[in-house]
Amino acid sequence: MNLNTIVNKSNTHDSHLLDAAGITLEEGDTSRKSLLFNLQSSLDPERLLKIFFRHLNRLLPCQGLRYRNLAEEIELHQGEEGMHRADYTLTLGEESLGEVRFSRRKPFSRSELRQMEVLLASLVLPMRNAIHYRTALEAASIDPLTGLQNRRSLVDNLAREMSRARRESQPLAMMVIDIDSFKRINDEISHLAGDQVLTQVAGLLVKAVRRSDMVFRFAGDEFVLLLPNMNMEGTRILSSRIRKLLGKTYCTYGDHHISVSLSIGSAILEEHMDADAFFEAADLDMLCEKAEKHGRS
């Protein structure tokens, strides 16, 4: 591995390309071995950066550390940014792993930069593993057809949002939404037509909700909305907004013009409810609306 300087025009900002494949353990010491050992303890990028920053400051003063990976939408900080900075772009073979910025009040000497580079090479592989693990977890929580979070993700988020709502004494609403006569679309037109309807409804729901709300594909043609700090009046307003957007949405598949309607049920978290009871309340409200449409009571 070669360390190639890209920009080195001032005492306040050095930029480097670090390919970790070329810095070997022999260039380090027992301190780097200790760092390598500690970095094996986590697959969380933020935790890794904390370990690295703490270890770095045992060897040389560094006021701030920033890690940024735009492709993975990760930006992490430790400490506070100083005037003098040294930036590194991390790569491992053909893989880009983001950028690291060291900063402090006074310039870094060449020997300090070299020491940081040797230590930084220890971070690259653990950070790559953490990013890959994070990507795998996210993929496991995403419905591949609609791009929405899936049932597994709902379970995790629901527990967290229920705890937060009770801790902060804020309302929490849930909506369960079902596409009416969806089986008929699959049977009479095609499953590809059904997939197109699911995708369009998913996009409509994302457009209708607030930034803080969460939209999940629960199963089949059923969606769940988790709505922090929303009361029952808020759910009625949101239901109306969804139906208005649906009225402006035209679902077509080949020569088929597909009429789509939704049954929507809502519930507000109550003190006695656990997660199952909360979901069942919203699901029952949805089923009651669906029954009314078919003339059953």
Heavy-atom side-chain proximity of Val215 to Val209 below 4.5 angstrom: yes

Cluster check Leu154, Val201: I/L/V/M/F/W/Y, side chain < 4.5 angstrom: no

side-chain contact (heavy atoms from CB on, under 4.5 Å) between Leu262 and Asp178, worked out: CA-CA 6 Å; Leu262 304 174; Asp178 185 83; over 6 Å; no

Scan the side chains in residues 216-240 for donor-acceptor partners under 3.5 Å anywhere in the protein, sequence neighbours excluded, and list what turns up.
residue : atom : partner : partner atom : Å
Arg217  : NE   : Gly220  : O            : 3.0
Arg217  : NH1  : Asp143  : OD1          : 3.2
Arg217  : NH1  : Asp143  : OD2          : 3.3
Arg217  : NH2  : Gly220  : O            : 3.0
Asn231  : OD1  : Glu233  : N            : 3.3
Asn231  : OD1  : Gly234  : N            : 2.9
Glu233  : OE1  : Arg236  : NE           : 3.2
Glu233  : OE1  : Arg236  : NH2          : 3.1
Thr235  : OG1  : Met232  : O            : 2.6
Ser239  : OG   : Thr235  : O            : 2.9

Trace of the side-chain contact (heavy atoms from CB on, under 4.5 Å) decision for Phe279 with Val155: CA-CA 10 Å; Phe279 174 81; Val155 172; over 6 Å; no

Residue Glu80 excluded, over 12 heavy atoms near CD under 6.0 Å: no

Separation between CG of Leu76 and CG of Asn69, rounded to the nearest 0.5 Å: 9.5 Å

Residues that Ser42 engages under side chain to side chain contact (heavy atoms under 4.5 Å, CB included), provided they are two or more places apart: Asp44, Arg47, Leu48

Minimum side-chain heavy-atom gap Leu49-Val100 below 4.5 Å: no

Exam field: side chain Ser103 to backbone Gly82, donor-acceptor pair closer than 3.5 Å: yes

Ile264-Leu269 co-clustered via ILVMFWY side chain contacts under 4.5 Å: no

Separation between CD1 of Ile189 and CD1 of Ile258, rounded to the nearest 0.5 Å: 4.0 Å

Any donor-acceptor pair under 3.5 Å from Arg66 side chain to Arg101 backbone: no

Minimum-distance pair of heavy atoms, taken over all atoms of Ser122 and Leu39: O-CD1, 3.4 Å

Residues in salt bridge (charged side-chain N to carboxylate O under 4.0 Å, His left out) contact with Asp285, at least two apart in sequence or another chain: none

For Glu270, side chain to side chain contact (heavy atoms under 4.5 Å, CB included) partners two or more places apart: His272, Met273

Residue Arg151 excluded, over 12 heavy atoms near CZ under 6.0 Å: no

Exceeds 12 heavy-atom contacts within 6.0 angstrom, atom CZ of Arg105: no

Interatomic distance, Glu112 atom CD to Leu60 atom CG [nearest 0.5 angstrom]: 5.5 Å

For Leu172 against Phe278, the heavy-atom pair lying closest together: O-CZ, 3.5 Å

Heavy-atom donor-acceptor pair, Asn157 side chain to Ser153 backbone, under 3.5 Å: yes

Side chain to side chain, Ser190 and Tyr253, heavy atoms closer than 4.5 Å: yes

From CD (Gln170) to CZ (Arg164), nearest 0.5 Å: 11.0 Å

Value rounded to 0.5 Å, distance of CG in Leu56 from CD1 in Ile51: 13.5 Å

Side-chain heavy atoms of Cys288 within contact of Leu284, under 4.5 Å: yes

Same cluster (ILVMFWY, side-chain, under 4.5 Å), Met175 and Ile268: no

Aromatic plane relationship, Phe108 with Phe102 - under 30° parallel, 30 to 60° tilted, over 60° perpendicular: perpendicular

Joint hydrophobic cluster, Leu205 plus Met214, side-chain heavy atoms closer than 4.5 Å: no

Contact check, side chains of Met127 and Tyr67, non-hydrogen atoms, under 4.5 Å: yes

Side-chain (Arg104) to main-chain (Pro61) donor-acceptor, under 3.5 angstrom: yes

For the student: nearest non-hydrogen atoms of Ile242 and Ala208, plus distance: CG1-CB, 3.8 Å

Single-linkage hydrophobic cluster Phe182~Leu287, side-chain heavy atoms < 4.5 angstrom: no

For Asp274 against Met162, the heavy-atom pair lying closest together: C-CE, 3.7 Å

Backbone N/O of Ala159 and side chain of Ser163: donor-acceptor pair under 3.5 Å: no

Gln149 and Ile142, any side-chain heavy atoms less than 4.5 Å apart: yes

Within residues 191-211 or reaching into it, pairs that qualify as side-chain hydrogen bond (donor to acceptor under 3.5 Å, both in side chains) - sequence neighbours excluded: Arg210-Asp213

Pairwise distance CG(Leu119) to CZ(Arg114) - rounded to 0.5 angstrom: 10.5 Å

Arg243: salt bridge (charged side-chain N to carboxylate O under 4.0 Å, His left out) partners, not counting sequence neighbours: Glu289

Intermediate values then yes/no, side-chain contact (heavy atoms from CB on, under 4.5 Å), Ile74 and Ile131: CA-CA 9 Å; Ile74 301 173; Ile131 290 170; 4.3 Å; yes

Least distance between heavy atoms, Gln63 atom then Glu81 atom: NE2-O, 4.2 Å

Side chain proximity check, Lys293 to Asp180, heavy atoms < 4.5 angstrom: yes

Closest contact, heavy atoms only, Gly194 versus Asn186: CA-OD1, 3.4 Å

